[in-house]
J.: 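Got a structure for you, written out below as structure tokens; questions coming shortly.
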There are 2 protein chains.
Amino acid sequence: MAARAGGQGGKQPTINDVAAMAGVSKKTVSRVINRSEFISDKTRKSVQQAIETLGFVPNPQARALAFRRNFLIALLHDNPNAQTVLNFQQGVLDAIKDSDLALLVRPVDRGSDKLLDDVRLFLEKQRPIGAMLLPPISENDDLAKICEDLGVRYVRVGSAPLDDARHCVSSNDREVVAEAVGKLIALGHRRIGFVRGPAGFRSAAEREEGFRAALAAAGLSLPDELYAPGNYRYTAGVEAGEAMLSLEEPPTAVFVSNDEMAAGVMSVAHGKGLSVPADLSIIGFDDSPTATHIWPALSTVRWPIREMGSRAARTLVADFLGSGAKAADDENPVMPSTFIERQSVAPPRG
Amino acid sequence: MAARAGGQGGKQPTINDVAAMAGVSKKTVSRVINRSEFISDKTRKSVQQAIETLGFVPNPQARALAFRRNFLIALLHDNPNAQTVLNFQQGVLDAIKDSDLALLVRPVDRGSDKLLDDVRLFLEKQRPIGAMLLPPISENDDLAKICEDLGVRYVRVGSAPLDDARHCVSSNDREVVAEAVGKLIALGHRRIGFVRGPAGFRSAAEREEGFRAALAAAGLSLPDELYAPGNYRYTAGVEAGEAMLSLEEPPTAVFVSNDEMAAGVMSVAHGKGLSVPADLSIIGFDDSPTATHIWPALSTVRWPIREMGSRAARTLVADFLGSGAKAADDENPVMPSTFIERQSVAPPRG
DNA sequence: TTGTATGCGTTATCAA
DNA sequence: TTGATAACGCATACAA
């Protein structure tokens, strides 16, 4: 059981109890709590002693009122992908578990015309010390501006730098996609299909650019019939698969902009009696659980989402603590994605 | 943009501004905010008028301090399944979006020996009005007791009633599993395998009981070689599949206690050149994204997780508002799961 | 380096 | 049905 020495009358001890026991004023106790520099080692120790024996824990509500800021960090997202959001949360928690911050989660609706007002009201009320924006809403500049206006620190998460280093954590989708597609080409593939992510998503654009860069580097072109639109959903993958695999000269490989759509393409291949990877190589993106659950296991790109969550939270915290601003400046805000080879890729037949 | 009539000096208007404008005391304004009954309609209206024109929003931090309670509800979980957690969150948000509650998310580690202390400290500090416990930690009675001790309302989510109706939202896993397995039997299957969930999980036990009930009802038995342990992970499904499908007389169908393991079994079937469902019918549980991403699409049981989230949150809120306690008592806390037939089930060969 | 007085914005007490 | 005043627990300005 938790050892709670208890103040008086079973209630939680307050700063007053600590002050009384240590024989100092509450302000001095406050200074110790907030790590003020102007404190003699002696009094600091005696105060810490009292805090210890009393089992005193500062009341976050009172601090929030006085600070005009809640000791929370908010995660704003539009539920693009459950695993992504949850992995990110996990990373955030890794970073804040030893602080006394807590995580506030706020799903929003990017399609709503009240999105901006919703977020503004939320931040005004909750007053978190910082907010983290997950893609795709991280790409919304108005949202960032709202944070700025309200004095809420923010970090935008994206597949490419969206803001200055202080306000952004990103991966390098473009490069890694180019690398992955390059391997396809090295294996001998010449007709390589592409399934795109939704219009207006930066991640979709980045992945496409990486794809095209790899093709260009090898002097290959992308015929229209091997280019399919998509929306990151399974059904879009199915549609793209049906279209491409019905071609007279179908592709021997395809890069699909996320795993879920890749699963759709693979289903179509199975349905048509094609063998993956013998008849068709497939590469996805995300390294979601789906990637390993389907058969054969999908080669894909792992997004360092947990690390990004941790990094985003650390940036916010360091920024908040001020002094520790080093953490935010030292680290490179671009975190590398990695290509993961599994069973869905092989040289083309013949 | 949000229409904020603003108090004075660009800052947020406070209760004092409202009181001044309406010509009443702040306590009266407070009464209006908190829907006290002892207010004349006339003053109520004039106060509401002032609130409106000022664009006043009560400061949650101040209220939290005075109420000794934060206007938050906490979600405690042990990350069993990303989709489940996120769907649940979505349901919670459906329920609280018109209140001024916010959602605090707290992943915990059920393996840690500090679990209880962690949760206690978290609740002591954050002082949410209520907490929701997701399985498997919802099965931990000590956790419920901690909530009770701290005066934090709680709701436990499970696959069977874990507590009294006021503190529990559950599904009816057992019945639905029995129904699903019954269909297998009706199709003519006689050798049906079973892959279990992890020991100590109530959901695993419920599903097994449902499975056995269906078998018993048909006078069938479960040979040892068709019973496999598992842990809800893909690899456990693979192991179970390898074992069962290497048998001299393999099963013609298998019920797997969750989708992820079912995907593992299906991979093994594919690898052995077996056709699903012609050679092997498979049923999973969860209706996770995986169920539709694999090929063929998996017949499974849909857990009403979003509805449960919504229900859990409404219970907490109603309980908190006191008056509206009806919501908590009227509704049946058991929410039905449903069997979903897709392509992974067919009659046995021959 | 430390203490005093006061503020943060709301609710509770108790009297009017 | 209302209001004056005291909590709520901590932080800040300004003194000492």
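In the text below, chain A, chain B and the rest are named by the order of the sequence lines, each starting its count at 1.
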J.: Taking for each residue the nucleotide of DNA chain C with the nearest heavy atom, is it B/Phe67 or A/Lys27 whose nucleotide lies nearer the 5' end?
T.: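 Its nearest nucleotide being more 5', the pick is A/Lys27.
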
J.: If I take atom CD1 in residue A/Ile39 and atom P in nucleotide D/dA11, what distance separates them, rounded to the nearest angstrom?
T.: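 Rounding to the nearest Å, CD1 of A/Ile39 and P of D/dA11 are 12 Å apart.
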
J.: Expressed in angstrom and rounded to an integer, what is the separation of B/Arg44 atom CZ from D/dT2 atom C1'?
T.: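 Result: 13 Å.
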
J.: For the side chain of A/Ser138 and the backbone of A/Arg156, is there at least one donor-acceptor N/O pair under 3.5 Å apart?
T.: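 A pair under 3.5 Å: no.
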
J.: Rounding to a whole Å, what distance do you find between A/Asn16:CG and D/dC8:P?
T.: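 In whole Å, D/dC8 P and A/Asn16 CG are 9 Å from each other.
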
J.: Do B/Val155 and B/His167 have side chains that get closer than 4.5 Å, going by heavy atoms?
T.: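 No; the side chains remain at least 4.5 Å from each other.
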
J.: Which is true for A/Leu65 with a 4.0 Å heavy-atom rule: it touches a base, it touches only sugar-phosphate, or it touches nothing?
T.: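 A/Leu65: base contact, heavy atoms under 4.0 Å.
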
J.: Is there a side-chain contact between A/Arg63 and the phosphate of D/dC10, meaning an N or O under 4.0 Å from OP1 or OP2?
T.: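 Checking D/dC10 against A/Arg63, no side-chain N or O comes under 4.0 Å of OP1 or OP2.
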
J.: Which of these passes side-chain contact (heavy atoms from CB on, under 4.5 Å) with A/Leu75: A/Leu134, A/Val92, A/Leu104, A/Leu133?
T.: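 For A/Leu75, the side-chain contact (heavy atoms from CB on, under 4.5 Å) check succeeds only for A/Leu134.
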
J.: Let me spell it out: for each of A/Arg31 and A/Ala66, pick the nucleotide of DNA chain D with the closest heavy atom. Which residue's pick is nearer the 5' end?
T.: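 So the residue in question is A/Ala66.
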
J.: Any side-chain N or O of B/Thr14 below 4.0 angstrom from OP1/OP2 of C/dC8?
T.: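 The answer is no; no side-chain N or O of B/Thr14 sits under 4.0 Å from OP1 or OP2.
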
J.: Atom CD of B/Gln61 and atom C1' of D/dG9: how far apart are they, to the nearest Å?
T.: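 For the pair B/Gln61 CD and D/dG9 C1', the rounded distance is 14 Å.
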
J.: Could you state the atom-to-atom distance from NZ of B/Lys26 to C1' of D/dT1 in whole Å?
T.: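 B/Lys26 atom NZ is separated from D/dT1 atom C1' by 19 Å.
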
J.: Among D/dG9, D/dG3, D/dA11, which is the nearest nucleotide to the side chain of B/Ser25?
T.: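 Closest nucleotide among those given: D/dG3.
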
J.: Do B/Gln89 and B/Val105 have side chains that get closer than 4.5 Å, going by heavy atoms?
T.: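 They are in contact (side-chain heavy atoms under 4.5 Å apart), so the answer is yes.
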
J.: Give A/Val29 one of three labels, base, sugar-phosphate or nothing, depending on what nucleic acid heavy atoms sit under 4.0 Å from its own.
T.: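 No contact at all - A/Val29 keeps every heavy atom at 4.0 Å or more from the nucleic acid.
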
J.: Return the value, rounded to whole Å, for the distance between atom NZ of A/Lys45 and atom P of C/dT2.
T.: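 It works out to 13 Å between those atoms.
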
J.: Between C/dG9 atom P and B/Asp17 atom CG, what is the distance in whole Å?
T.: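 Taking CG of B/Asp17 and P of C/dG9, I get 9 Å after rounding.
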
J.: Does a side-chain N or O of A/Thr28 approach OP1 or OP2 of C/dT2 to a distance below 4.0 Å, or not?
T.: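 Negative; the distance criterion is not met.
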
J.: Would you mind reading off the distance between B/Arg68 atom CZ and C/dT11 atom C1', rounded to a whole angstrom?
T.: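 Taking atom C1' of C/dT11 as the reference, CZ of B/Arg68 is at 10 Å.
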
J.: Students often get this wrong, so: under 4.0 angstrom with heavy atoms, is B/Phe71 touching a base, only sugar-phosphate, or nothing?
T.: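 No contact.
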
J.: Mind checking the CD-CG spacing from B/Glu124 to B/Asp149? Nearest 0.5 Å is all I need.
T.: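 These two atoms lie 10.0 Å from each other.
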
J.: Determine: side-chain N/O of B/Ser40 to OP1/OP2 of D/dT2, distance under 4.0 Å, yes or no.
T.: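 Yes, within the criterion.
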
J.: For C/dT11, does either OP1 or OP2 sit under 4.0 Å from a side-chain N or O belonging to B/Asn34?
T.: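 For C/dT11, OP1/OP2 do have a side-chain N/O of B/Asn34 under 4.0 Å.
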
